[in-house]
Amino acid sequence: WGLHFLQPAPDAMVLDCGCGGCGGGANIKTLLKLCPKGKVQGIDYSAVSVEKARKVNAGAIAAGQCTVQQASVAELPFEAEQFDVVTAFETVYFWSPVNIALSEVARVLREGGCFLISLEASDPELGKMWTERIDGMVVYTPAELEERLHEAGFSSIRTIRKKEEIHIIAYK
């Protein structure tokens, strides 16, 4: 549902952070359909997730429309202002330290570019069932993420709620 907020140009450069975790590379496949003349790059911290996302997108990788690599959002292996769109589906919980990761996203996003964060767990109290089971997971409120996004250099930030889902759209 969050992807309908994006309207990238057909030749957009897109980065999907945490590409293998949520959907195992399926979001890359969808993003490629949204920008058929562009390029989608994916990163994930997990080697297993990277391998899965590569398998799902093997055709696009072979065609040169896609790359998937193992990397941390806190140390993005890209030049500044390289992307028109950056996405993060169900992954911000694991970005450590989150303020550095958000600054890295701002660094690689072009002026006027869009950053979409989609997540379901946004209430730290309700998220305890997950954070107590998953080591290193942190659930942020939308207000906390908005504040950190402002600190990272994003100027226009909008939060949209749909039941448990939260989508934060931030522009640089």
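Remember, it's a predicted structure, so these values are computed and weren't measured experimentally.
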Side-chain donor-acceptor pairs under 3.5 Å in residues 31-42, sequence neighbours left out?
residue, atom, partner, partner atom, Å
Q41, OE1, T67, OG1, 3.1

Subject >> Q69 atom CD: more than 12 heavy-atom contacts under 6.0 Å >> reply: yes
How close do [X] and [Y] get, counting heavy atoms only, and between which atoms?
X	Y	result
V56	G24	CG2-O, 3.2 Å
N57	G25	ND2-O, 3.0 Å
G112	Y171	O-CD2, 3.8 Å
V68	A53	CG1-CB, 4.0 Å

Original post:
Counting only N and O atoms by type, is there a donor-acceptor contact under 3.5 Å from the side chain of E165 to the main-chain atoms of K162?
Top reply: no
Subject >> K172 (side chain) donor-acceptor with G113 (main chain) under 3.5 angstrom >> reply: no
Any chance you could measure [X], atom [atom1], to [Y], atom [atom2], to the nearest 0.5 Å?
X	Y	atom1	atom2	answer
N27	L116	CG	CG	9.5 Å
I166	R161	CD1	CZ	4.0 Å
E151	E146	CD	CD	12.0 Å
F154	L102	CZ	CG	7.0 Å
D16	F89	CG	CZ	6.0 Å
I157	H150	CD1	NE2	3.5 Å

Original post:
Would I168 and I100 show up in the same hydrophobic cluster when neighbours are defined by side-chain heavy atoms closer than 4.5 Å?
Top reply: no
**OP:** Please collect all salt bridge (charged side-chain N to carboxylate O under 4.0 Å, His left out) contacts where either partner lies in residues 98-111, sequence neighbours excluded, each pair once.
**Re:** D84-R110, E104-R107
Output side-chain donor-acceptor pairs under 3.5 Å for residues 70-80, partner residues at least two apart or in another chain, one line each.
residue, atom, partner, partner atom, Å
Q70, NE2, Y45, O, 3.0
S72, OG, A74, N, 3.1

Original post:
Can you list the residues that meet the side chain to side chain contact (heavy atoms under 4.5 Å, CB included) rule with S46, with sequence neighbours excluded?
Top reply: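 Side chain to side chain contact (heavy atoms under 4.5 Å, CB included) check on S46 returns D44, V48, S49.
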**OP:** Could you list the residues that satisfy side chain to side chain contact (heavy atoms under 4.5 Å, CB included) with T91, not counting sequence neighbours?
**Re:**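 In terms of side chain to side chain contact (heavy atoms under 4.5 Å, CB included), with neighbours along the sequence ignored, T91 is linked to A88, W95.
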Subject >> Those residues that, when tested against E147, pass salt bridge (charged side-chain N to carboxylate O under 4.0 Å, His left out) (two or more places apart) >> reply: none
**OP:** Let me know which of L149, T87, V86, I117 forms a side chain to side chain contact (heavy atoms under 4.5 Å, CB included) with V105.
**Re:**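 Checked L149, T87, V86, I117 against V105; only one passes side chain to side chain contact (heavy atoms under 4.5 Å, CB included): V86.
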Original post:
When you look at I134 and F94, which way does the side chain to side chain contact (heavy atoms under 4.5 Å, CB included) test go after all the steps?
Top reply: CA-CA 10 Å; I134 302 172; F94 305 103; 3.6 Å; yes
**OP:** State, yes or no, whether a side-chain contact exists between L6 and V85 at a heavy-atom distance under 4.5 Å.
**Re:** yes
**OP:** Just do the side chain to side chain contact (heavy atoms under 4.5 Å, CB included) check on I160 and I169 with the steps written out, would you?
**Re:** CA-CA 8 Å; I160 298 148; I169 302 138; 3.4 Å; yes
